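Owing to the predicted nature of the structure, the values given are computational and were not obtained by experimental measurement. Below, read A as the first sequence line, B as the second, and so on, with proteins coming before strands; counting in each chain starts at 1.
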2 protein chains.
Amino acid sequence: MVTLKHLAEQLNVSISTVSKALHDSNEISPDTIERVKALAKFLNYKPNQLAVSLKNSKTNTIGVIIPNILNHFFAKALFAIEQEATKQGYNIITCVSNEKHSKEINSLQLLSNGSVDGFIMSIAEETQVANKVDHINAILNQNIPIVLFDRVSDDIDCGKVIIDDFGAAYEATKYLLSEGRKNIILLSRIDELSVGKLRAKGYFKALDDDTTYNEEPNCITISHDESIEERIEALLTKNKKIDGIVAVDNTTGVIALHKALKLNINVPKDLSIIGFSDENVLQFTDPKLSTVSQHTLDIGKASVEMLINKLKDKSSVQNTTKTIKAKLILRGTTK
Amino acid sequence: MVTLKHLAEQLNVSISTVSKALHDSNEISPDTIERVKALAKFLNYKPNQLAVSLKNSKTNTIGVIIPNILNHFFAKALFAIEQEATKQGYNIITCVSNEKHSKEINSLQLLSNGSVDGFIMSIAEETQVANKVDHINAILNQNIPIVLFDRVSDDIDCGKVIIDDFGAAYEATKYLLSEGRKNIILLSRIDELSVGKLRAKGYFKALDDDTTYNEEPNCITISHDESIEERIEALLTKNKKIDGIVAVDNTTGVIALHKALKLNINVPKDLSIIGFSDENVLQFTDPKLSTVSQHTLDIGKASVEMLINKLKDKSSVQNTTKTIKAKLILRGTTK
DNA sequence: CTGAAAGCGCTAACAT
DNA sequence: ATGTTAGCGCTTTCAG
C-alpha cells in the first residue's frame with residue numbers, strides 16, 4: 001500500500017508537505033502540488049481510510065441494521081439507503097438482526113466502537129414485541145445518532161421515518177366501502193408490530209365512520225407457525241360472503257389473490273383485494289394486485305438524509321418524525 | 001468514548017499495562033488483570049476498532065459487492081454471507097453495483113484502501129458482457145483477496161464459487177424429456193451472462209443427446225427492454241405445441257406459469273415448467289413451480305469460508321473453484 | 001510484573 | 001513555502 005511516507009521519500013519533501021499538497025493547500029507552491037499529485041497518481045495513491053477516520057473521529061460510514069433482508073420491503077429500503085449514502089459520500093455497513101433481540105444488541109455494540117458515525121435501523125420483531133429498547137437508548141446516550149424507519153418505538157427519542165400506516169389502511173378500507181363492499185376483512189401476519197397495529201386501527205376506524213356498514217369488523221391475524229396458505233384457503237372456502245380484503249402485510253394479499261383465483265372467485269367482480277406489497281416481483285399475477293405503495297425508496301432516502309443532517313450538526317438538529325405519504329395504487333384487484 | 005488512556009489514568013497504571021491486562025497477558029498479575037477488567041466492564045469499555053485495525057493492518061471486515069439486491073438470489077446470498085461472516089467474527093460492508101461497470105470500479109477503489117481485508121463479489125452485467133475485468137485484477141495485484149460467486153470470469157484468477165449451471169440445465173431438460181415432452185423451449189432473460197450461456201448449453205446438450213427427440217432446440221431470449229409478460233403470453237398463445245419449458249433465470253418460469261394458467265393450459269398435464277427461481281415468495285402460486293434449487297445459502301457460506309481461508313494464509317492457499325451442486329426440486333409444475 | 005517508547009497512516013497547529 | 005511535532009487509540013518490543 002502506497003502511503004504519504006512513500007511519496008515524501010520519493011520526492012524528498014516532508015510528509016506534511018505531501019498531505020497539504022494533496023489537499024490543495026495554499027501553503028504549498030503550485031509547482032510542488034503538481035509534482036506531488038503527479039507521483040500520487042502514478043503510484044495510484046489512495047489515502048488509508050482507517051487512518052483518516054481515526055484522525056478525524058469520523059468514519060463516513062453508516063451502520064444499517066435491518067430485521068430481514070429476504071423481506072422485499074427491507075431489501076428495497078436497503079437498496080435506497082445504499083444508493084443515497086453512496087451519493088452523499090458515505091459507506092454502509094449492513095447487519096441483519098434476523099428479528100432477534102440479541103443479534104440487534106450485538107450488532108449495535110460491535111459497530112458503536114468507532115466503526116460507524118451513526119445508525120439507520122428498523123427494529124427487530126422480538127425487540128418490538130417486548131418493547132425492550134434499552135440497548136438502543138444506550139447508543140443514543142453515547143451521542144451516536146440513530147434514525148429509525150418503519151418499525152419505531154415511542155420509548156426511543158430519535159429521528160424517525162415512517163409511513164402513515166393508519167391513514168393508508170383507512171383509505172384502503174374506505175375505497176373498498178366506496179365500491180359497495182359489505183363484508184370487508186382484514187388480513188394480518190404482523191399483528192404484533194407497530195405498523196400492523198396502526199394499520200388495523202385505520203381499518204376499524206374506516207368501518208366505524210361508515211354509518212351504512214352493518215357487519216362487525218373482522219380482523220384475521222395469522223401467527224408465524226400457521227400455514228398462511230391453508231388458513232386463507234379455508235377462510236375463502238367457508239365464508240363466501242367476504243367481498244373485500246385489506247391485507248396489511250407483505251404477502252397475505254398475494255396469497256389471497258392466488259387462492260381466490262384457484263377457487264374460481266371472480267376478482268374483482270365478487271371480491272376486491274388491496275395489499276401492502278409494494279410494486280415487486282409478486283405482481284406477475286393476473287389480474288395484478290392493487291396495493292398501498294409504501295414509497296420504500298423515499299423512506300430509505302429520507303432516512304439517510306435525516307441521519308446525515310444530524311451527523312453534520314449533532315447538537316442543534318431536533319429529532320423529528322418524517323411521515324412519507326403512502327399511496328393507493330389501483331391495479332386489477334379492485335373495481 | 002472510553003479509551004485505554006482513561007482506564008490507565010483511573011487505575012494509576014500505564015496504558016500498556018491496561019492493554020495487556022485486557023488480553024490476559026501472563027506478564028500481568030492476576031490482581032491487576034482483575035482490577036482492569038472490572039473497571040473496563042464498569043465503564044463499558046470497547047476497543048476502538050479503527051485503531052485496532054490500523055495497528056494490525058487487518059480490519060476483520062469483508063467488502064461485499066453484488067449486482068442487484070432486489071434480485072432475490074442476491075438478497076439471499078447476501079443473507080448467507082452476512083450470517084456466516086458474523087459467525088466467523090467478520091463484518092461486511094455492502095455495495096450494490098446496480099449492474100454498472102463504473103459503480104463496480106468505484107466500490108472496489110473505495111474499499112480497497114484499508115477498509116476491508118478482502119472482497120466477495122458477483123460481477124455486474126455490464127462488466128460481464130464487455131468482459132472488462134482489469135479493475136478486479138488490479139485489486140488482486142495489490143494482494144487483496146477476492147472470491148467471486150455465481151457470475152465469474154475466466155480472465156480473473158481468484159477463488160470462485162459457482163453452481164453447476166450446465167449440469168443443472170441438462171438435468172432439468174432431461175427430466176422433461178423423460179416425461180415424454182416433445183416440444184421443449186428454453187426461456188432466458190440472462191442470455192448474456194456466463195450462467196445464462198452455460199445453462200443454455202446444458203439444454204442444447206440434453207436435447208442433442210436424446211436420439212428420439214426430433215424438434216429443433218428453441219431458445220427464447222428476452223431482452224431487457226422487452227415486456228417479458230407480453231412476450232411469453234404471445235408465445236404460449238401462438239405456439240400450442242409447446243409442452244415443456246426450461247426457464248433459466250429468476251422470473252420467466254413464474255411468469256410462464258401465470259400466463260399458462262390464464263390461458264387455461266393444464267399444468268402439468270399439457271405443459272411442464274421448470275424454473276431457476278429458488279424457493280421463495282414467488283411460489284405462492286398454485287400449482288407450485290418446480291425449480292432447480294441453487295442452494296444459495298451454501299453459495300454464500302462457501303464464499304465466506306473460501307475468503308477467510310485465503311485471508312488467514314494468503315500465500316499458500318491455492319485459488320480453487322468450488323461447485324455447489326444444484327438440485328432439481330419437483331413441485332407442482334412437472335409430472 | 002510494570003512502563004516507556006515506537007509506530008500503524010494521517011492531519012493540523014505551530015514553527016522556521 | 002516547507003518542515004517539525006504531537007496525537008487519534010491501539011499493540012508490542014524492549015527496558016527496568
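The base of dG9(D) is not paired with the side chain of Lys55(B) by any donor and acceptor separated by under 3.5 Å. With hydrogens and angles ignored, no donor-acceptor pair closer than 3.5 Å exists between the side chain of Lys5(B) and the base of dG7(D). Within 3.5 Å, a donor on the side chain of Ser16(B) pairs with an acceptor on the base of dA4(C), or the reverse.
Here the shortest heavy-atom pairing between Leu148(A) and Ser153(A) reads CD1-N, 4.2 Å. The two atoms that bring Met1(A) and Gly114(B) nearest to each other are CE-N, 3.8 Å, heavy atoms only. Gly118(B) and Leu311(B) make their closest contact through N-CD2, 4.4 Å (heavy atoms, listed as atom of the first residue, atom of the second, distance). For Ile93(B) against Ile92(A), the heavy-atom pair with the smallest separation is CG2-O, 3.4 Å. In this structure, Ser112(A) and Gln142(A) approach most closely via the heavy-atom pair O-OE1, 4.2 Å.
Residue order along DNA chain C, read from the 5' end via each residue's closest nucleotide, puts Val13(B) first among Val13(B) and Ser57(B). Each of Leu54(B) and Ile28(B) was matched to the nucleotide of DNA chain C holding its nearest heavy atom; the match closer to the 5' end belongs to Ile28(B).
In this structure, the ring of His135(B) has its center less than 6.0 angstrom from the ring center of His101(B).
Rounded to whole Å, atom P of dC1(C) lies 14 Å from atom CZ of Arg35(B). As rounded to whole Å, 14 Å separates atom P of dG16(D) from atom NZ of Lys20(B). Regarding Asp31(B), its CG atom lies at a distance of 10 Å from the P atom of dC1(C), rounded to whole Å. Residue Tyr45(B) contributes atom OH, which lies 8 Å from atom C1' of dG9(D) at whole-angstrom precision. The separation between Asn56(B) atom CG and dG9(C) atom P is 12 Å, rounded to whole Å. To the nearest angstrom, P of dG7(D) lies 20 Å from CE of Met1(B). Computed from coordinates, the Leu4(B) CG to dG3(C) C1' distance equals 14 Å when rounded to whole Å. As rounded to whole Å, 16 Å separates atom C1' of dT11(C) from atom CG of Asp24(A).
Here Asn26(A) lies in heavy-atom contact (under 4.0 Å) with sugar-phosphate atoms only. Across all strands shown, Ser19(B) has heavy atoms under 4.0 Å from base atoms, whether or not it also approaches the sugar-phosphate. Note on Ser53(B): nothing from the nucleic acid sits closer than 4.0 angstrom, heavy atoms only. Using a 4.0 Å heavy-atom distance criterion, Pro30(B) is classed as a sugar-phosphate-only contact.
The C1' atoms of five pairs define one axis at each end of the helix from dC1(C)-dG16(D) to dT16(C)-dA1(D), and these two axes lie 60° apart (to 10°).
Aromatic ring orientation, Phe74(B) versus Phe149(B): perpendicular (interplanar angle above 60°, classes split at 30° and 60°).
Side-chain contact between Leu22(B) and Lys37(B): present, with at least one pair of heavy atoms (C-beta onward) separated by less than 4.5 Å.
Here Ser14(A) reaches the OP1 or OP2 of dG3(D): one of its side-chain N or O atoms lies under 4.0 Å away.
When each of dA13(C), dG3(C), dG9(C) is scored by its nearest atom to the side-chain atoms of Thr3(A), the top-ranked nucleotide is dG9(C).
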